[in-house]
Amino acid sequence: MNSLKRVILFGATSAIAEQTARQLVAQGASLYCVGRNPDKLTALIDDLKVRAGSQQCIDGCVADLVDHSRHEHLINDATHVLGEVDGVLIAHGTLPVQQACEADVAMTRKEIETNALSVISLLTLLANLFEQQQRGVIAVISSVAGDRGRQSNYVYGAAKGMLTLFLQGLRNRLAKANVDVVTIKPGFVDTPMTADFNKAGPLWAKPDQVAKGIIKAMQRGKDEVYILWFWRWIMLFIRHIPESFFKRMTL
Ligand SMILES: NC(=O)c1ccc[n+]([C@@H]2O[C@H](COP(=O)([O-])OP(=O)(O)OC[C@H]3O[C@@H](n4cnc5c(N)ncnc54)[C@H](OP(=O)(O)O)[C@@H]3O)[C@@H](O)[C@H]2O)c1
């Protein structure tokens, strides 16, 4: 079991990360929270401080994570504040309108930058830190959208698929250093990211359910985790639809 006493959260103000932060604090963790929106980050840190005990440290920093030049400083500051790091969760992301990306190269590149390259930059630095420590757990929120390209969201899906593949290789490398790398693949989650979606039906999860699954997966050092569980079987089916048939479907 991995201890989660000192954890860094990137994209800490996301609905899923916020719930994860609350649950971690309830379990006695100290947290370093990185978020882009200063007001939301201050509100989150204030709330967590109220929930935390006197031994727990709650701190953080505002950062736009597409700015790669800040990553090293953020990690150094977090390590300085927490002392040592048991775990990291990378949660930031954006869900673009697919048709808008199709009409705009710059937007497509920006989405790949936010959802994949900024995360890969953080992971490259974090991997070296954790490899040196010879322990700990790195978790990243990817998506079921990365399991197969679909016409309705293949820009987002391609970015998440890049992450999933990167994490597979990183897991393979860091296993030798006693470090777990966890890929979180949520299905549909009721958060601000999906505010415009119709949320009827049993496929939707709440952020606190996903948070619980993330913490369990990090503690147990899982590899790839689908939340909710049935998405594994849905995506297994979708991945196995023959391409000749799949390209005629509208998914
Ligand atoms: N909701 C779903 O159905 C679903 C499904 C699968 C995977 N996911 C993934 O789950 C993760 C969390 O999303 P969520 O559902 O909790 O949505 P959310 O509440 O909208 O959170 C997204 C977060 O990402 C942050 N962010 C975006 N770009 C950033 C940047 N350049 N630098 C720093 N922070 C940035 C946003 O910050 P601001 O507040 O400043 O905008 C926001 O806090 C994302 O990686 C998402 O792709 C979500």
Side-chain angles (χ1 to χ4, degrees), residues 2 4 7 9-12 14-21 23-24 87-96 98 111-112 114-120 122-123 126-127 137-172 174-175 179-194 197 199 201-241 246 251:
N2 289 309
L4 294 177
V7 178
L9 298 173
F10 291 99
S14 95
I16 294 173
E18 191 175 325
Q19 289 301 320
T20 310
Q23 292 180 26
L24 283 170
V88 172
L89 173 67
I90 305 182
H92 67 282
T94 48
L95 179 63
Q98 171 63 30
E111 293 301 330
I112 302 282
T114 304
N115 287 303
L117 298 181
S118 70
V119 182
I120 286 172
L122 285 168
L123 286 171
L126 289 164
V137 53
I138 299 172
V140 178
I141 308 186
S142 183
S143 173
V144 297
D147 280 11
R148 187 160 191 181
R150 289 176 290 116
Q151 77 173 53
S152 58
N153 72 347
Y154 62 83
V155 171
Y156 176 75
K160 292 296 194 181
M162 195 194 311
L163 279 187
T164 297
L165 210 61
F166 187 93
L167 291 164
Q168 280 171 8
L170 193 63
R171 178 178 308 117
N172 198 198
L174 293 185
V179 175
D180 292 314
V181 175
V182 187
T183 308
I184 308 291
K185 294 184 179 179
F188 301 146
V189 193
D190 183 0
T191 69
M193 182 175 276
T194 53
F197 288 56
K199 303 206 171 88
L203 296 182
W204 286 86
K206 293 284 179 197
D208 61 318
Q209 279 177 291
V210 179
K212 196 170 166 200
I214 289 173
I215 293 172
K216 201 161 110 185
M218 289 178 76
Q219 285 168 333
R220 295 184 180 177
K222 294 282 187 189
D223 300 326
E224 293 198 350
V225 180
Y226 287 83
I227 305 173
L228 304 167
W229 63 271
F230 48 72
W231 282 101
R232 178 179 296 280
W233 307 109
I234 293 174
M235 295 318 295
L236 185 71
F237 174 73
I238 288 179
R239 278 204 314 275
H240 283 85
I241 299 173
F246 196 73
L251 270 178

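In what follows, every heavy atom counts, from backbone to side chain, and hydrogens, waters and symmetry copies are set aside.
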Kindly give the heavy-atom pair with the smallest separation between L203 and W231, and that separation in Å.
-> O-NE1, 3.6 Å
State, yes or no, whether a side-chain contact exists between F10 and L126 at a heavy-atom distance under 4.5 Å.
-> yes
In terms of heavy-atom contacts, P207 and V189 come closest through N-CG1, 3.9 Å
Would you find a donor on one side and an acceptor on the other, under 3.5 Å apart, between the side chain of D180 and the backbone of V137?
-> no
Can you tell me if T183 uses its side chain to pair, donor with acceptor, with the backbone of T164 under 3.5 Å?
-> no
Using atom types as modelled and distance alone, determine if a side-chain donor or acceptor of R239 lies under 3.5 Å from a backbone N or O of R148.
-> no
Can T94 and Y156 be said to form a side chain to side chain contact (heavy atoms under 4.5 Å, CB included), step by step?
-> CA-CA 8 Å; T94 48; Y156 176 75; over 6 Å; no
Please determine, by modelled atom types, if Q19 and Q209 share a side-chain donor-acceptor pair under 3.5 angstrom.
-> no
Would W233 and Y226 count as a close aromatic pair, with their ring centres under 6.0 Å?
-> no
So does K206 have more than 12 non-hydrogen atoms from other groups sitting under 6.0 Å from NZ?
-> no
Kindly indicate, with the supporting measurements, whether the criterion side chain to side chain contact (heavy atoms under 4.5 Å, CB included) is fulfilled by I227 and I184.
-> CA-CA 7 Å; I227 305 173; I184 308 291; 3.9 Å; yes
Can you check whether V155's main-chain N or O pairs, donor with acceptor, with Q98's side chain at less than 3.5 Å?
-> yes
State whether the side chain of Q23 and the backbone N or O of D208 hold a donor-acceptor pair below 3.5 Å, judged by distance alone.
-> yes
Does the side chain to side chain contact (heavy atoms under 4.5 Å, CB included) test come out yes or no for V88 and V7, once each step is laid out?
-> CA-CA 5 Å; V88 172; V7 178; 5.9 Å; no
Donor-acceptor contact present, side-chain K160 to main-chain I141, <3.5 Å = yes
Just by modelled atom types, is the G146 backbone N or O under 3.5 Å from a matching donor or acceptor in the S143 side chain?
-> no
Where the side chain of T191 meets the backbone of M193, is there a donor-acceptor pair that is under 3.5 Å apart?
-> yes
Assess the side chains of H92 and T114: does a donor N or O sit below 3.5 Å from an acceptor N or O?
-> no
Check whether any side-chain heavy atom of V140 lies under 4.5 Å from a side-chain heavy atom of V182, and answer yes or no.
-> no
Is there a side chain to side chain contact (heavy atoms under 4.5 Å, CB included) between M162 and L117 once you walk through the steps?
-> CA-CA 9 Å; M162 195 194 311; L117 298 181; 4.3 Å; yes
Got a donor-acceptor contact below 3.5 angstrom from the K185 side chain to the A145 backbone?
-> no
Gap between atom OG of S142 and atom CG of N115 - 0.5 Å precision | 9.5 Å
May I ask you to test the L123-F166 pair for a side-chain heavy-atom distance under 4.5 Å?
-> yes
